[in-house]
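Since we're looking at a predicted model, the values are computed, not measured. Numbering starts at 1 and runs along the sequence shown.
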Amino acid sequence: MRIDVFTIFPDMVGDVAGRSLLGKARERGLLDVRVHDLRAGTTDPHRSVDDSPYGGGAGMVLRVEPLAAVVEAVDPPRPLLLLGPGGERFDQARARELAASDGFSLLCGRYEDVDHRVRTEVVDGELSIGDVVLAGGEVAALVVLEAVGRLVPGVMGNAASADEESFSEGLLEYPQWTRPPEWRGRAVPEVLRSGDHGRIARWRRAQALHRTSALRPDLIAARGGLTAEDEAVMTEFPPADDLTRFRSPRTSG
């Protein structure tokens, strides 16, 4: 899969994309991540990519000319998505869609905004990682790269890992333990040491349902509520912890 990223901070994106899981995937030829410097499209001595907005106002605006010049020179895989707050919300389902494609591209916004003609003439759509304000789209681009890259076949060592993670079925992932079996009086649940894989699978399902119901009830609602089977397994296996202590003030009730 080829993913192109356009930014005024290519080293920032390229450094992270060259490390950990993404870096290994690039070394193995599973991911082709290409980072492009938007300043390469400038023609002035100062390599200026921004200018003050028409009509006045605070901040600077990314110019359409250098951005379009770089994009047209590269001819990147489409869609080319502008990262910004007005875009389609990026979630696990969207990550899976992008991971199933041959490739796509990301344009990192910066400063106050981009010239509106970037939206209408250069990109194919917009993508948002959430209702937060960032200084630029580089961090958002890294979120998309990480979420999509790990879903590309062969990138993760264990293909089953992606299917068991949070949001894979609209649920948070079940809690995990490792050695030692007991620490400061807190023991690993007996069921996980039982060797009964069928029982372990039911217990994990129950814990995922308990966690999601307590911490992200919106996800349960989006799934259409709890089924009779869900309620039965939750009754069979109570929560492993007092989940109320993990709630933020916004989610408690």
Side-chain angles (χ1 to χ4, degrees), residues 1-20 22-23 25-27 31-90 94-95 97-99 101-149 152:
M1 165 178 277
R2 175 179 163 183
I3 305 173
D4 285 38
V5 182
F6 296 87
T7 170
I8 62 171
F9 295 116
D11 291 343
M12 178 180 177
V13 176
D15 181 64
V16 177
R19 299 177 183 271
S20 190
L22 291 176
R26 294 175 77 181
E27 291 174 0
L31 282 178
D32 179 8
V33 180
R34 306 184 188 185
V35 185
H36 308 281
D37 188 351
L38 291 173
R39 296 188 188 279
T42 61
T43 57
D44 66 297
H46 300 290
R47 305 184 74 204
S48 302
V49 293
D50 62 311
D51 207 337
S52 55
Y54 277 113
M60 303 293 280
V61 176
L62 279 174
R63 296 166 51 221
V64 64
E65 290 174 307
L67 272 64
V70 175
V71 169
E72 290 167 1
V74 169
D75 189 21
R78 298 283 178 163
L80 169 57
L81 303 170
L82 170 66
L83 293 158
E88 170 195 5
R89 178 69 66 90
F90 181 69
R94 189 71 173 103
E97 289 177 8
L98 291 172
S101 69
D102 293 328
F104 61 95
S105 303
L106 301 170
L107 172 59
C108 301
R110 180 59 60 164
Y111 308 121
E112 188 68 19
D113 199 358
V114 298
D115 185 299
H116 190 62
R117 289 165 291 189
V118 172
R119 289 189 173 88
T120 59
E121 306 299 327
V122 179
V123 303
D124 304 302
E126 296 185 55
L127 202 60
S128 170
I129 64 166
D131 296 338
V132 294
V133 178
L134 302 173
E138 286 74 21
V139 172
L142 293 172
V143 169
V144 176
L145 281 174
E146 175 84 9
V148 174
V152 173

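For Pro76 against Ser105, the heavy-atom pair with the smallest separation is CB-OG, 3.2 Å. Heavy atoms only, all atoms of each residue included: Val114 and Gly109 are closest at CG1-CA, 4.4 Å. Of all heavy-atom pairs spanning Val122 and Arg78, the tightest one is O-NH1, 3.0 Å. The minimum heavy-atom distance between Val144 and Phe104, with the atom names listed, is CG1-CE1, 4.0 Å. For the residue pair Val5 and Cys108, the shortest heavy atom distance occurs at CG1-SG, 3.9 Å. The minimum heavy-atom distance linking Pro77 with Arg2 is given by the pair CD-NE, 3.4 Å.
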Pair up each side-chain donor or acceptor in residues 128-137 with any protein partner under 3.5 Å, not counting sequence neighbours, and list the distances.
from   : atom 1 : to     : atom 2 : distance (Å)
Ser128 : OG     : Gly130 : N      : 3.2
Ser128 : OG     : Gly130 : O      : 3.3
Asp131 : OD1    : Arg89  : NH2    : 3.4
Asp131 : OD2    : Arg89  : NH2    : 3.2

Identify all side-chain donor-acceptor contacts of residues 53-64 below 3.5 Å with residues at least two apart in sequence or on another chain.
from  : atom 1 : to    : atom 2 : distance (Å)
Arg63 : NH1    : Ser48 : O      : 2.9
Arg63 : NH2    : Glu65 : OE1    : 2.9

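Side-chain contact between Met1 and Val148: present, with at least one pair of heavy atoms (C-beta onward) separated by less than 4.5 Å. Pro66 places none of its side-chain heavy atoms less than 4.5 Å from the side chain of Leu38. Counting heavy atoms from C-beta on, the side chains of Arg94 and Leu127 come closer than 4.5 Å. With contacts defined as side-chain heavy-atom distances shorter than 4.5 Å, the pair Leu67/Asp115 does not qualify.
With a 6.0 Å radius and a threshold of 12 heavy atoms from other residues, nucleotides or ligands, Asp44 has its CG atom above the threshold.
One finds the CD1 atom of Ile3 at 11.5 Å from the CZ atom of Arg34 (value rounded to the nearest 0.5 Å). In this structure, the separation between CZ on Phe90 and CD on Glu126 is 15.5 Å, given to the nearest 0.5 Å. To the nearest 0.5 Å, the span separating CZ on Phe6 from CD on Glu138 amounts to 13.5 Å. In this structure, Glu146 CD and Leu22 CG are separated by 5.0 Å, a value rounded to the nearest 0.5 Å. The line from CD1 of Ile8 to NE2 of His36 is 16.0 Å long, rounded to the nearest 0.5 Å. A distance of 9.0 Å separates CG in Asp4 from CG in Leu80, rounded to the nearest 0.5 Å.
Applying the side-chain contact (heavy atoms from CB on, under 4.5 Å) test between Val16 and each of Asp11, Leu142, Val139 identifies Leu142 as the sole match.
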